[in-house]
> 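Structure provided below as structure tokens; questions to follow.
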2 protein chains.
Amino acid sequence: MGTLRFALLSVLEQGPRSGYDLSQTLDIRISSFWHAKHSQIYPELAALEREGLIEHEVFEQADRPDKKVYTIKPAGHAALVEWLTSPLEPEPKRDELVLRALSIGHADRERAVALFRDQQQRHRQREALYRKLVDELEQDHARKLEEPTSPMFGRYLTLQRGIGYEREYAAWCKSVADRLEAAPRPRAASKRR
Amino acid sequence: MGTLRFALLSVLEQGPRSGYDLSQTLDIRISSFWHAKHSQIYPELAALEREGLIEHEVFEQADRPDKKVYTIKPAGHAALVEWLTSPLEPEPKRDELVLRALSIGHADRERAVALFRDQQQRHRQREALYRKLVDELEQDHARKLEEPTSPMFGRYLTLQRGIGYEREYAAWCKSVADRLEAAPRPRAASKRR
DNA sequence: TAACCCATGTAAACGGTTACATGATTTC
DNA sequence: GAAATCATGTAACCGTTTACATGGGTTA
């Protein structure tokens, strides 16, 4: 049922990986719209293996710890393919910044503006990063981008989503900050009388 | 630490509510970027009361069960205001559809296109709904929209976010579906030789 | 009479994060 | 000598969902 297993299968579909490799991709990798810690990954890999969807081979390395390198099996590929187009019920979204916006008028004005300007910056930077990565993809693998089964194809799609998401988010942050600044200042606690 | 308590305080800031009322707003209400079930809300309200951030009064009703109506206390207001501009560390985003996009090239082409066209529809409908709600806000409470402490102010901001989010999401879904259709059909399992 | 709304709670299960645990090698 | 990287795991905790539980009133 869980989505994590399919996240792992998705990466293993692109080639054999160790649990450590997977935790690196899912920990750090940018434009990833999924994420998991190694403490969740190792047990899940064990479960996938018990169920016959993947298998592993131990690689002994001279200078560093041994590796368990996992490979996707036909049953794993089938499970992945089936999941890809299975019915997707809408997941409720949670976003703390948007939640804050609901009451932001009660906050200190300056701090509120600073918060949203700061967030705007963050999202603009992320957008710039994704754009750079897309540019690289387009230059290095232009032909592969039209071939759906190429790993570049999916990567390109998710990066595009990242760009759009961050661009829109940054624009909203700016609009909130601007609107807060335009609003009439709260009168300093009435001193008359 | 949890964000739920602030979600509850945010709503109670706009006026006294029962746990049931809160569960209705957080369950159903549109353009909400937070969500909780009653099984989580009732215990959290009890905790907030123990900590002196809210208080309740029982309303006995003739034809239906009694109500516990909660009101925010000054300490609760202070906690809310402080939270609003407290440092916000970036939360890792999770989105199953984007995750699916990563491997979508391996799915059945027709089913994949159908999935993304369907999702595009969903997001377009949500966008339309939010637009309608903003229009209503603008017509009924136009003057209140510039006053930050009005409940309409925050509601307007979150609806704007909703519109942008859904518009962008729908556009991305369309672009994925289009790209899938444009891609060269996978050759039927090679029959030559 | 069955299903649904009002209204409030508790218990069990699940998914995810943080912390605990070990140990060798490389870099500062 | 200290910190970071490679590599794999387990345990405790926390937030969220699903299910269990109760009971009167309204609607179909």
Side-chain angles (χ1 to χ4, degrees), chain A residues 1-9 11-12 16-29 32-50 54-70 83 89-96 99, chain B residues 1-9 12 16-28 32-50 54-70 83 89-96 99:
Chain A
M1 283 250 163
T3 305
L4 173 63
R5 59 196 308 111
F6 298 108
L8 296 175
L9 290 173
V11 182
L12 287 179
R17 305 280 146 95
S18 69
Y20 186 81
D21 293 336
L22 287 161
S23 81
Q24 296 297 96
T25 359
L26 291 182
D27 246 3
I28 287 160
R29 201 205 202 154
S32 165
F33 281 77
W34 207 264
H35 177 273
K37 314 270 187 200
H38 75 275
S39 54
Q40 210 187 351
I41 292 170
Y42 288 120
E44 188 68 35
L45 286 171
L48 285 168
E49 187 157 44
R50 273 200 309 278
I54 61 176
E55 64 190 352
H56 85 268
E57 213 185 333
V58 177
F59 277 73
E60 283 167 40
Q61 302 182 116
D63 47 347
R64 33 189 77 194
D66 297 356
K67 264 188 180 208
K68 286 188 182 179
V69 174
Y70 289 89
W83 166 75
E89 71 273 34
E91 337 158 52
K93 42 185 176 302
R94 285 196 171 86
D95 187 312
E96 191 177 325
L99 179 62
Chain B
M1 284 257 165
T3 305
L4 173 63
R5 60 196 306 110
F6 297 109
L8 296 175
L9 289 173
L12 288 179
R17 305 281 147 94
S18 69
Y20 185 80
D21 292 337
L22 286 162
S23 81
Q24 295 297 97
T25 358
L26 290 183
D27 246 4
I28 288 159
S32 166
F33 281 79
W34 208 265
H35 177 271
K37 313 270 185 199
H38 75 275
S39 55
Q40 209 187 351
I41 291 171
Y42 289 119
E44 188 68 36
L45 286 170
L48 285 168
E49 187 158 44
R50 274 200 308 277
I54 62 176
E55 64 190 353
H56 85 267
E57 213 184 335
V58 177
F59 278 74
E60 282 166 40
Q61 301 181 119
D63 47 347
R64 34 188 76 193
D66 297 356
K67 262 188 182 210
K68 285 188 184 179
V69 175
Y70 288 90
W83 166 75
E89 70 275 32
E91 336 157 53
K93 40 183 178 303
R94 285 198 171 85
D95 187 312
E96 192 178 323
L99 179 61

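Proteins come first, then strands; the chains are lettered A, B, ... in the order of their sequence lines, and each starts at number 1.
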> Any idea which of D:dT17, D:dT8, C:dT17 is nearest the A:K37 side chain?
C:dT17
> Tell me the closest heavy-atom pair linking B:I41 and B:S23, and the distance in Å.
CD1-CA, 3.4 Å
> In whole Å, what is the span from the CD1 atom of A:I41 to the P atom of D:dT10?
14 Å
> Mind checking if A:R5 touches a base, just sugar-phosphate, or nothing, with heavy atoms under 4.0 Å?
nothing
> Nearest nucleotide by nearest heavy atom, which residue falls closer to the 5' end of DNA chain D, A:V69 or B:R64?
A:V69
> Could you check how far OH of B:Y42 sits from C1' of C:dC6, rounded to whole Å?
9 Å
> Over how many whole Å does the gap from B:H38 atom NE2 to C:dT8 atom C1' extend?
8 Å
> Is B:L22 close to B:L12 at the side-chain level, that is, under 4.5 Å between some pair of heavy atoms?
yes
> Considering heavy-atom distances to DNA chain D, does A:K67 or A:Q40 have its closest nucleotide positioned more toward the 5' end?
A:K67
> Of the listed nucleotides (D:dT17, C:dG9, D:dC6), which one gets closest to any side-chain atom of A:R94?
D:dT17
> Can you check the A:Q61 CD to C:dT25 C1' distance for me, whole Å?
12 Å
> Report the C-alpha distance between A:Y42 and A:E44 in whole Å, list the side-chain angles of each, state the deciding distance to 0.1 Å, and finish with yes or no for side-chain contact (heavy atoms from CB on, under 4.5 Å).
CA-CA 5 Å; A:Y42 288 120; A:E44 188 68 35; over 6 Å; no
> Could you pick out which residue, B:D21 or B:P43, lies toward the 5' side of DNA chain C when each is mapped onto its nearest nucleotide?
B:D21
> Nearest whole Å is fine: how far is D:dG15 P from B:W34 CH2?
11 Å
> Take the protein atom CD of B:Q24 and the nucleotide atom P of C:dC6, then report the distance between them rounded to whole Å.
6 Å
> Is the distance from OP1 or OP2 of D:dC6 to the nearest side-chain N or O of A:Y20 less than 4.0 Å?
yes
> Flag the pair A:Y70 / A:E55 as yes when at least one side-chain heavy-atom distance between them is below 4.5 Å, and no otherwise.
no
> Picking from D:dT17, C:dT8, D:dA7, which would you name as closest to the side chain of B:H35?
D:dT17
> Could you tell me the separation between the CG atom of B:L4 and the P atom of D:dG15, rounded to a whole number of Å?
9 Å
> Let me know, please, whether B:P92 or B:K68 comes out on the 5' side of the other along DNA chain C by nearest nucleotide.
B:K68
> Within this structure, what is the CD-to-P distance between B:E91 and C:dG15, rounded to whole angstrom?
21 Å
> Among D:dG9, C:dA7, C:dG9, which nucleotide has an atom closest to any side-chain atom of B:P65?
C:dA7
> Are A:D21 and A:K67 ion-paired here, with the side-chain N under 4.0 Å from a carboxylate O?
yes
> Which nucleotide in the list C:dA11, C:dG16, D:dC6 gets nearest to the side chain of B:S39?
C:dA11
